[in-house]
Amino acid sequence: MAPTVSSSNEDLAELFERHGLDGHKFFEEPEREIEKLISTGNVATENDNAAEAEVTYLDAVELSILINDKSLQAKSKNKLSGIMKAQGRLLESSKLIQECYDLYSDINDARGKSVALCNLGGINASMGKFEDAMQCLKTALDISETILDISLSINILTNIGFNYCEVDSYSSALYYFKEARVRGESEDNYESLPMLFLNEGCTLLDLDDLESAQHILEKSLDFSILYNVIDIQSLSLDSLGNCHERVHNYKTAIEHYAQAYQLAQSIDYAEGQLSAVLNLGRVNVDHGEPLHAADQLHEALRLATQLNRPKSRRDAHQHLARLYKQAGQLDLALQHFEAFHTEAHDLFSTERDKTTRTLMMQFDVERAQTQTRAEREQREHAEDLQARAEEQVRERTAELEQTQMEVVGRMAMAAEFRDDATGEHTRRVGIGAALIAESLGLSREFTETLQIAARLHDVGKIGIPDAVLLKESKLSVAEFEEMKRHTLIGGRLLSGGKSEVLNMARQIALTHHERWDGNGYPYGLTGQEIPLVGRIVALADVFDALMHKRPYKLAWEKADALAELARQRGRHFDPELTDAALLIFGSGRYEAALLQDEQTQMLPGSAADGSREGALHTETASWELEAMRLQYEQLLESRTRELEAARSQAEVQVEQLKRAAFTDVLTGLHNRRAFETDLLVFAEQAQQHDRPLCAVSLDLDGLKHVNDSGGHASGDAVIALVARQLQQHFEPSGRVYRMGGDEYVVLLWSDPELVARELAGEIERLEAELKRQGHSASLSVGYAHWPNDVARPEHLLRVSDERMYEQKRRRKLGTAAQDAFPVHGLS
């Protein structure tokens, strides 16, 4: 079917001519032609021809609107948004991405929505709206996790890491870069590995963890060489040069910077050239060739101006000022110093408007969603088993309720057959009660439940002797007291039920002989003290009893029965319910409902069924009914025990699976999932008892060396040893978690000063025990208190992690261990 044309023929003809499109071919295969147009725009983008790319994408948008293809429209607008973002047209770009998200929502494209939100997060970050950026990325990650798109989740995690870097929160950035890299390795996503290793290595460099940074950056270099990714080779060499420079290996640093610059030049990669040549010039000022430094720094200044990189311009001016000052060229030194000061002032004015890092930390509570693939599979498996066990519990419970209903229902029939040869009384009362409830506007679910439950109103009659139940003359006072017991007997028979039907039936059995004026039995309740279901069934029961023959009375005429209900309004019955019942029983609706039910749900053994079962029941002797009652009671008791045992077993299995899902296999400690679950519970208890909550982050240093020298079994032994020691010291006053790898967290209620004293002593004992057992590993520690250090308990882990990484950095620099526990304000 050809698309409907909304644009003018002249405009379309011009558009087709502009891109060399065949109009006839377009209307035969419009989607294919638009895809080709988008590809043309992609080529223009790669060739840095932004103007041509923008026109091409705009035409693709117009054509996709023309054929009403929302998927292609969103795809075209997404590409167009990227062009606008690159040109700094951020508001236009943001508007287009929001339109993309709406289009993908309309066609229920989850991946498209996630991509749009990821891109919108990037735009918001560029605009300095870091809180909005993180919210977009959070939602994007949620969607990517739901659809199990690993490549997309890697991209989103990487963007989150970059956002943290923007506000200098490198320890948090490291967490997300590392998670992205782990996912890339687990999915054999080789093409992305060079960049993922580079991100992680550069962040470790920012954290001054030079040993780890060099190890990761060398992997980045190896993978970039293996897959011939020249730009990553350049950046990896540049960062490795920085590693060597920091340990004063200036010759090797200069060699790495020079190689990085040459590689970037070979592919005309201006960003790589800028970073490498700026580093070369800076090192040469003090530790190399000053003459070369001047050329290199001027080249860096040219590239920084070309690329509009104010930070790099500032740095180039700073190093040129130092260089000319050393050479005695003070006029040039002053000129560059003034330029440096101007650039620095402008940068400060721009960056002071950025949102503080606190706004970004709202995302940390979602860390459980960024676990490794293995942890995720383990959790999903445990949840699947748990769901199956819980389903078994539900099935066994339903089976138990069904059995209870069948047995009690048969008991009700047996009781009714003793004074109602057809057993129809219970059916009629159920229908009458349901009609009254329906007329009151009660829900369909309530009405249907009442129709079933009302049938059990006289189940207690099974315990009344025949001499009383079937007596044709008036009962004596003693006999009437005996008869009244059937309400209590029914209540006992129906007690302990786990279904709504049985609970309602118990209420009815106990209260359907109560009276509005308080002269009923067994409790003498008055007015609305009587449950609604008891008041409704009382009306239906009395009306049916009046209308049908009983051993002690003849059947009444309908007019007389209705008149009796009216006389008892406000005495025996609820006035409002009486009015409703008179309308229903006097209008013919009741008879019509009985007829319809008889046609669709004929009772076995009833007169309507035409079987001989009703007659047989009429002839059943009292002793047979008693035997039947005992048999039913034994069956109910036996079946209840069997099903309760099965349900208990299933519940035990559920508990075992829950424990497995929240327990670390190697150490037996609670795992990260348990931590996320416990944190808010601990915080609530801390608030109730007005005491601080502390999170302690611990990380094993040197575990890689233990694994390399003694194998992974030796490393596992160290992890388990630390776990045992932490448990012995902190539990039961706190709780210890293994967060994965060589990382632990302790949650406990304690004052800051007490925690500092305890930690210092405990870490010293732990490291001594490790040394005694021949292990060279040590521990880095950081802690945070709520509400002393953080505004919300969800931020405890992030702050304690940052302090732990700070201690790790200080220890590598030789700073005293006590400096690892600084006092911070709210984060």
Side-chain angles (χ1 to χ4, degrees), residues 400-434 448-466 468-470 480-514 520-523 530-531 533-542 544-545 548 550-551 603-606 613-614 617-618 620 622 624-640:
L400 172 60
E401 292 174 353
Q402 181 62 32
T403 301
Q404 290 174 326
M405 284 299 301
E406 288 174 2
V407 173
V408 175
R410 290 175 184 272
M411 291 171 66
M413 290 292 293
E416 285 299 326
F417 283 136
R418 299 175 69 194
D419 66 342
D420 178 2
T422 65
E424 285 285 278
H425 172 65
T426 63
R427 179 177 76 93
R428 293 191 297 265
V429 170
I431 292 172
E448 291 175 349
T449 303
L450 177 61
Q451 182 170 345
I452 298 170
R455 298 197 57 180
L456 302 177
H457 68 286
D458 274 343
V459 69
K461 285 183 178 179
I462 200 167
I464 304 301
D466 285 351
V468 175
L469 185 67
L470 303 179
F480 185 60
E481 290 300 319
E482 180 69 22
M483 176 65 81
K484 286 160 63 174
R485 289 181 58 249
H486 82 275
T487 57
L488 299 173
I489 294 170
R492 286 200 301 272
L493 284 173
L494 295 167
S495 64
K498 298 183 181 297
S499 71
E500 185 180 352
V501 171
L502 291 180
N503 288 331
M504 185 184 288
R506 179 176 181 275
Q507 270 195 331
I508 292 169
L510 280 171
T511 64
H512 72 288
H513 280 294
E514 299 286 358
Y521 63 87
Y523 301 122
I530 307 167
V533 290
R535 285 179 272 147
I536 292 174
V537 172
L539 278 158
D541 183 34
V542 169
D544 190 74
H548 293 85
R550 289 295 174 94
L603 288 172
S606 70
E613 190 174 351
H617 275 293
T618 306
T620 301
S622 297
E624 290 177 313
L625 287 172
E626 180 64 17
M628 185 187 297
R629 181 179 67 81
L630 293 173
Q631 180 184 4
Y632 288 151
E633 287 182 343
Q634 291 169 2
L635 173 61
L636 178 60
E637 184 180 353
S638 171
R639 189 62 173 150
T640 298

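In this chain, numbering begins with 1 at the start of the sequence shown.
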With rounding to the nearest 0.5 angstrom, report the [atom1] to [atom2] distance, [X] to [Y].
X	Y	atom1	atom2	value
T426	I452	OG1	CD1	12.0 Å
I489	K461	CD1	NZ	12.0 Å
L450	Q507	CG	CD	10.5 Å
I530	L510	CD1	CG	12.5 Å
H457	T487	NE2	OG1	12.0 Å
I536	I508	CD1	CD1	8.5 Å

Shortest non-hydrogen contact between [X] and [Y], atoms and distance:
X	Y	answer
A540	G432	CB-C, 4.1 Å
E514	Y523	OE2-N, 2.8 Å
A433	A454	CB-CB, 4.2 Å
G491	R506	O-NE, 3.4 Å

Evaluate the side-chain proximity of [Y] to [X]: yes if any heavy-atom separation is below 4.5 Å, no if none is.
X	Y	answer
D458	H512	yes
Q451	V429	no
P465	E482	yes

For the pair H548 (side chain) and A545 (backbone), establish whether a donor and an acceptor sit closer than 3.5 Å, ignoring hydrogens and angles.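 A pair under 3.5 Å: no.
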Could you check whether the rings of H486 and H513 sit parallel, tilted or perpendicular, using 30° and 60° as the cut-offs? perpendicular
